[in-house]
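To start, the structure under review is shown below, and the notes come after it.
To find a chain, count down the sequence lines: A is the first, B the second, and so on, and within it residues start at 1. All heavy atoms count here, side chains included; hydrogens, waters and symmetry mates do not.
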2 protein chains.
Amino acid sequence: MAQLSNVTPLFKDLAKIEHDRVACEDCSLYRLCLPLGLHSKDLIQLDKIITRSQTYKRAQPLFEANSKFTSLYIVRSGSFKTTISTNNGREQVTGFYFPGEFIGLDAIHQESYQSTAKSLESSSVCELPFDGLQELGKEMPQLQVQLLTRISKELAGDKSLMLLLGKKTAGEKLASFLLSLSKRFSERGFSAMDFQLSMSRSDIANHLGLAVETVSRVLSRFQEDGLITITSKSISLKDMDKLQLLCG
Amino acid sequence: MAQLSNVTPLFKDLAKIEHDRVACEDCSLYRLCLPLGLHSKDLIQLDKIITRSQTYKRAQPLFEANSKFTSLYIVRSGSFKTTISTNNGREQVTGFYFPGEFIGLDAIHQESYQSTAKSLESSSVCELPFDGLQELGKEMPQLQVQLLTRISKELAGDKSLMLLLGKKTAGEKLASFLLSLSKRFSERGFSAMDFQLSMSRSDIANHLGLAVETVSRVLSRFQEDGLITITSKSISLKDMDKLQLLCG
DNA sequence: ACAGATCATTGATCTGGATCATGGAAGATA
DNA sequence: TATCTTCCATGATCCAGATCAATGATCTGT
């Protein structure tokens with residue numbers, strides 16, 4: 001079967017870059033991002049404390065667990081995963097992050113990051129030093145509201161994931177996962193039906209509390225049943241209604 | 001074997017009440033609660049928007065999923081559980097809440113609660129209307145910081161729970177759960193070794209992604225191995241070091 | 001104080017998904 | 001272009017924990 005031999009990295013060009021100098025106001029992520037709802041003059045203030053990163057190559061860490069917490073990050077292009085570990089080294093993928101999404105929110109309450117964040121492909125971020133953000137927050141309540149809203153949304157997502165991990169079968173897990181990706185992609189102006197999986201099968205398996213082999217098998221089954229077409233990293237959802245039903 | 005025939009409800013008297021009129025300043029939960037770090041005059045403002053509830057009896061809902069989101073709640077006495085459900089009615093216990101802890105943070109980003117909260121025993125709460133809180137927040141950045149810190153802490157806890165649900169064995173799950181309760185009780189000035197389980201075995205099982213029978217068996221095994229003593233709702237941790245090791 | 005309902009414990013059996021094993025495809029490195 | 005390594009798919013086997021079943025303990029309401 002023909003494979004796409006040279007897959008374009010996901011979201012690479014979503015934020016039109018000139019990496020290091022694009023004001024929030026001009027960024028194509030604006031409507032998905034933190035600044036939404038801020039006044040233009042506030043936006044300029046915010047802009048001042050943001051650092052736009054250079055490119056992270058695949059698998060490069062954004063921060064490591066237990067390192068000092070200094071900044072929140074917003075994905076600018078590409079994608080990331082976060083993981084936490086047990087003492088004896090078992091690892092759990094706690095989330096995948098796409099453009100406009102925050103990374104590091106779970107560290108705010110303490111001195112150091114509790115997860116490790118790694119890029120899944122060639123990616124970039126906006127760095128928001130937390131001290132600076134708090135300073136700004138004193139004069140810009142709307143910024144605090146935004147932050148609170150975002151973190152609440154992540155919390156809600158994690159509660160749903162608990163339901164998935166605790167109560168769903170392998171098939172339900174995969175169906176839920178694919179539809180959740182689909183939703184996030186379409187919110188970002190991409191096709192809800194056809195997209196690239198920037199993460200490996202084993203990242204998916206780990207995130208959903210499954211073995212890689214199970215993920216492979218279930219995806220193959222979904223394909224046989226005409227629910228999806230999948231070749232390596234490219235997936236196409238053929239029957240979203242049936243997938244929806246399958247979610248449990 | 002002798003059972004405690006009439007177990008005193010957990011935490012019933014922690015917040016010395018006179019239910020409806022105890023200023024935050026005088027509340028025994030002060031150091032665990034939201035107001036921590038606020039100036040005295042701010043505290044008075046905060047006090048004004050807080051409603052102190054009457055007693056919720058066992059299994060009484062604090063709010064239901066899909067009802068309109070209006071308020072955050074802080075447990076004042078007793079304890080609560082929150083649950084979410086799949087479309088086809090399977091339920092996941094997403095958290096247990098003790099005095100000084102927030103309920104409803106995952107609803108901030110939307111119009112309605114996404115979970116249902118029910119009391120586990122005779123309990124009471126402080127109700128914080130979210131609109132009022134936001135108004136206050138505009139003049140009291142410290143309040144926003146507190147809120148952000150609390151929600152981040154819950155987020156971090158949920159990430160750890162994902163690790164537990166996805167990667168731990170039944171024994172590791174129970175050991176982690178018991179130690180986590182122990183920690184929270186001792187933070188509240190109670191014994192870290194001896195406490196009451198206000199939730200049923202089936203709530204525990206559900207929360208940890210196990211069957212009730214498994215919870216029973218593992219607890220019995222822990223008892224045989226001298227790690228704990230347990231009679232109905234009363235538990236006593238006999239070997240915290242070994243339990244710690246068992247967490248994985 | 002009693003009856004019915006719910007909750008907890010323990011044993012017997014079953015199963016979904018893990019683990020083990022293999023071979024092939026696709027990136028990475030040089 | 002060859003070699004190494006990681007990733008993915010699929011088959012065979014196994015097991016931790018689910019499910020089924022039965023009994024006793026505890027709670028609730030009257």
If the cut-off is 4.0 Å, is [X] near the phosphate of [N], judged by side-chain N/O to OP1 or OP2?
{"X": "B:Lys233", "N": "D:dT26", "answer": "no"}
{"X": "B:Ser216", "N": "C:dT10", "answer": "no"}
{"X": "A:Lys173", "N": "C:dG17", "answer": "no"}
{"X": "B:Ser200", "N": "C:dC7", "answer": "no"}
{"X": "B:Arg58", "N": "D:dT28", "answer": "yes"}
{"X": "A:Ser220", "N": "D:dT10", "answer": "yes"}

For the aromatic rings, using the six-membered ring if either is Trp, is the centroid distance between A:Phe98 and A:Phe185 under 6.0 Å? yes
Quickly work out the [X] [atom1] to [N] [atom2] distance and round it to whole Å.
{"X": "A:Asn206", "N": "D:dT6", "atom1": "CG", "atom2": "P", "result": "17 Å"}
{"X": "A:Ile230", "N": "C:dA25", "atom1": "CD1", "atom2": "P", "result": "17 Å"}
{"X": "A:Gln196", "N": "C:dG27", "atom1": "CD", "atom2": "P", "result": "11 Å"}
{"X": "B:Arg90", "N": "D:dT19", "atom1": "CZ", "atom2": "P", "result": "10 Å"}
{"X": "A:Gln223", "N": "D:dT10", "atom1": "CD", "atom2": "P", "result": "9 Å"}
{"X": "B:Leu120", "N": "C:dC7", "atom1": "CG", "atom2": "P", "result": "12 Å"}
{"X": "B:Arg201", "N": "D:dC27", "atom1": "CZ", "atom2": "P", "result": "11 Å"}
{"X": "B:Glu121", "N": "D:dT28", "atom1": "CD", "atom2": "P", "result": "12 Å"}

Determine the contact category for [X]: base if any of its heavy atoms lies under 4.0 Å from a base atom, sugar-phosphate if only primed atoms, P, OP1 or OP2 are that close, otherwise nothing.
{"X": "B:Gly171", "value": "nothing"}
{"X": "A:Arg221", "value": "nothing"}
{"X": "A:Ala211", "value": "base"}
{"X": "A:Leu219", "value": "nothing"}

By nearest atom, which of the nucleotides D:dC20, D:dG17, C:dA21 is closest to the A:Glu213 side chain?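 For A:Glu213, the side-chain atoms sit closest to C:dA21.
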Would you call the rings of A:Phe69 and A:Tyr113 parallel, tilted or perpendicular, where under 30° means parallel and over 60° means perpendicular? perpendicular
Once the angle between the rings of B:Phe80 and B:Tyr56 is folded into 0 to 90°, is it parallel (under 30°), tilted (30 to 60°) or perpendicular (over 60°)?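 Plane angle over 60°, so perpendicular.
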Tell me if the side-chain of A:Arg217 makes a donor-acceptor pair with the base of C:dG16, cut-off 3.5 Å, by modelled atom types.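 It does not, because no donor-acceptor pair links the side chain of A:Arg217 to the base of C:dG16 below 3.5 Å.
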When A:Ser202 and B:Thr169 are each assigned the nearest nucleotide of DNA chain D, the 5'-most assignment goes to A:Ser202
For a quick check under 3.5 Å, do B:Lys167 and A:Gln92 share a side-chain donor-acceptor pair by atom type? yes
No-hydrogen, no-angle side-chain donor-acceptor test under 3.5 Å, B:Ser198 and B:Ser79: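 A pair is found: one side chain offers a donor N or O, the other an acceptor, under 3.5 Å apart.
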When rounded to the nearest 0.5 angstrom, what distance separates CD1 in A:Ile103 from OG in A:Ser71?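 So the CD1 of A:Ile103 and the OG of A:Ser71 are separated by 12.0 Å.
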